[in-house]
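We count residues from 1, following the sequence as given.
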Amino acid sequence: LNIYSVYTDAITGKTSNEVLFKSYNVGNDAKTEFSETFNYADLKNGITVDGGGLPANDIELPVGSGWKMRFEGETAQGKVSLKGNVNVAVLSRFAGLYRVIESSYFRIGVATDLPGWQGGTRFIGSVDENTFSYNDFWGGFAWTGSAFRFKIDFATNKIQVPILVDGAIFSGNRALDCAVEPQTFTSVSCDGSNLFIKDDVTGKHQIKLSYGYFTDGSGSREFFEVLEKIN
């Protein structure tokens with residue numbers, strides 16, 4: 001089993017050469033498990049972008065950059081590409097695991113309980129210095145493999161949400177944005193929400209979000225949640 005890696009710079013969009021990252025011998029068992037720990041030195045080894053290597057310190061890499069790893073099987077009969085890949089990203093210090101510490105959902109003006117939302121964890125990724133991804137959930141609803149984004153203006157700590165990825169929305173005909181259609185939020189308040197609260201003492205940064213979606217002929221679905229960083 002061969003693993004190949006390609007690095008992409010978030011600012012320039014330039015990609016590196018492809019390098020052989022790791023190789024493993026696979027036996028005849030029906031299932032073989034591998035566990036691997038690697039660091040930045042391993043990731044940058046052999047990588048060149050625009051004729052030069054990566055910086056000595058990973059702190060110099062732009063947020064949103066990363067490595068995409070593909071898999072190849074090699075036998076006596078030849079090589080074959082395998083499905084799937086692994087992405088290793090350069091994250092903002094504000095990305096990571098968050099816990100939902102407050103939540104409310106109104107379906108056409110009616111408060112509706114969504115079990116498992118309050119106290120649940122969310123992985124918040126980073127696309128660039130200001131843009132973040134909310135993955136696998138839309139509020140309290142599972143949305144596995146999909147994500148919307150939000151943007152933080154760190155000068156004001158205001159948040160723009162939701163930003164759809166390739167137009168994908170969890171449900172309904174359009175997304176609801178406090179900055180665009182505040183009148184559609186009749187049960188969830190936009191005031192005092194869509195804010196980033198930084199805590200450099202404990203690291204328990206908070207993200208307050210009000211957003212939703214609208215279904216023609218039916219009405220608004222409104223979401224409010226407060227996420228607190230745990231890792």
Rounded to the nearest 0.5 Å, the CG atom of Asn2 sits from the NZ atom of Lys22 at a distance of 13.0 Å

May I ask you to decide if Glu129's main-chain N or O and Ser92's side chain share a donor-acceptor pair within less than 3.5 Å?
no

Side-chain heavy-atom pair Asn85, Met69 within 4.5 angstrom cut-off
no

Considering only heavy atoms from C-beta outward, does the side chain of Phe123 approach that of Tyr134 to under 4.5 Å?
no

Should Asp136 and Ser146 be marked as a side-chain contact (heavy atoms from CB on, under 4.5 Å) after you check the CA-CA gap, both sets of side-chain angles, and the distance that decides it?
CA-CA 5 Å; Asp136 299 320; Ser146 296; over 6 Å; no

Please name the pair of heavy atoms, one in Arg122 and one in Gly139, separated by the smallest distance, quoted to 0.1 Å.
NH2-O, 3.0 Å

Does the Asn173 side chain pair with the main chain of Asp216, one donor and one acceptor, at a distance under 3.5 Å?
yes

Do Asn130 side-chain atoms and Asp153 backbone N/O form a donor-acceptor pair below 3.5 Å?
no

With rounding to the nearest 0.5 angstrom, report the CD to CG distance, Gln206 to Leu227.
9.0 Å

Is there a donor-acceptor pair under 3.5 Å between the side chain of Asn157 and the backbone N or O of Ala155?
no

Close side-chain approach of Pro162 and Trp138, heavy atoms under 4.5 Å:
yes

Check: Asn45 side chain, Asp42 main-chain N or O, donor-acceptor pair, under 3.5 Å:
no

Does Tyr4 have its ring centroid less than 6.0 Å away from the ring centroid of Phe71?
no

Taking C-beta and beyond as the side chain, do Phe224 and Ser103 meet within less than 4.5 Å on heavy atoms?
no

Could you check Ile163 against Val165 for side-chain contact (heavy atoms from CB on, under 4.5 Å), going step by step and ending with a plain yes or no?
CA-CA 7 Å; Ile163 302 171; Val165 181; over 6 Å; no

Euclidean distance, Gln118 CD relative to Asp113 CG, rounded to 0.5 Å
9.5 Å

Given Phe148, which of Phe170, Tyr211, Phe132 fulfils the ring pair (Phe, Tyr, Trp, His ring centres under 6.0 Å) condition?
Tyr211

Hey, mind stepping through Ile108 and Arg221 against side-chain contact (heavy atoms from CB on, under 4.5 Å) and telling me if it holds?
CA-CA 6 Å; Ile108 323 175; Arg221 274 68 169 176; 3.8 Å; yes

Can you confirm whether or not the ring centre of Phe137 sits under 6.0 Å from the ring centre of Trp143?
no

Just how far is it from atom NE2 of His205 to atom CD1 of Ile152, taken to the nearest 0.5 Å?
10.0 Å

Close side-chain approach of Glu225 to Tyr105, heavy-atom, < 4.5 Å
no

Ring centroids only, cut at 6.0 angstrom: are Phe106 and Phe185 within range, meaning strictly under it?
no

Would you tell me whether Asn194 and Ser210 have side-chain atoms, one donor and one acceptor, within less than 3.5 Å of each other?
no

Please check: side-chain N/O of Lys229 versus main-chain N/O of Ala95, any donor-acceptor pairing under 3.5 Å?
yes

Just by distance, do the side chain of Asp128 and the backbone of Thr131 share a donor-acceptor pair under 3.5 Å?
yes

Spatial distance of atom CG (Leu61) from atom CG (Leu54) [nearest 0.5 Å]
6.0 Å

Pairwise side-chain contact, Tyr98 with Asn231, heavy-atom cut-off 4.5 Å (strictly under):
no

Considering only NZ, NE, NH1 and NH2 on the basic side and carboxylate oxygens on the acidic side, decide whether Glu181 and Arg174 come within less than 4.0 Å.
yes

Heavy-atom closest contact (Arg149 atom, Val161 atom, distance):
O-CG2, 4.3 Å

Report yes or no: do Leu20 and Tyr24 belong to one cluster of Ile/Leu/Val/Met/Phe/Trp/Tyr joined by side chain heavy-atom distances under 4.5 Å?
no

Ile124 with Leu91, same ILVMFWY side-chain cluster at under 4.5 Å
no

Has Ser189 got a side-chain atom pairing as donor or acceptor with Asp191's backbone, closer than 3.5 angstrom?
yes

For Ile47 and Trp67, which heavy atoms make the closest approach, and how far apart are they?
CG1-NE1, 4.2 Å

Sub-4.5 Å side-chain heavy-atom contact between Ile159 and Leu209:
yes

Mind running side-chain contact (heavy atoms from CB on, under 4.5 Å) on Ile207 and Leu195 for me, showing each step along the way?
CA-CA 6 Å; Ile207 299 169; Leu195 290 173; over 6 Å; no

Taking all non-hydrogen atoms of both residues, which atom of Asn135 and which atom of Gly125 are closest, and how far apart?
ND2-N, 3.5 Å

Of all heavy-atom pairs linking Gly46 and Val19, the shortest is O-CG1, 3.3 Å

Check whether Ser220 reaches the backbone of Thr184 with its side chain - one donor and one acceptor, N or O, closer than 3.5 Å.
yes

Cluster link Phe141 to Ile169, ILVMFWY, side chain under 4.5 Å:
yes

Determine, using the 4.5 Å side-chain heavy-atom cutoff (strictly less than), whether Ile59 and Ile11 are members of one ILVMFWY cluster.
no

Hey, does Lys198 have a side-chain heavy atom less than 4.5 Å from the side chain of Phe94?
yes

If I take atom NZ from residue Lys204 and atom CD1 from residue Ile230, how far apart are they, to the nearest 0.5 angstrom?
10.0 Å

Does one hydrophobic cluster hold both Val90 and Leu97, with members joined at side-chain heavy-atom distances below 4.5 Å?
no

Would you name the heavy atoms of Trp117 and Ser104 that are closest together and state the gap between them?
CH2-O, 3.3 Å

Do Glu222 and Arg107 sit within salt-bridge range, that is, some charged N less than 4.0 Å from a carboxylate O?
no

Side chain Asp199, main chain Thr202, donor-acceptor under 3.5 Å
yes

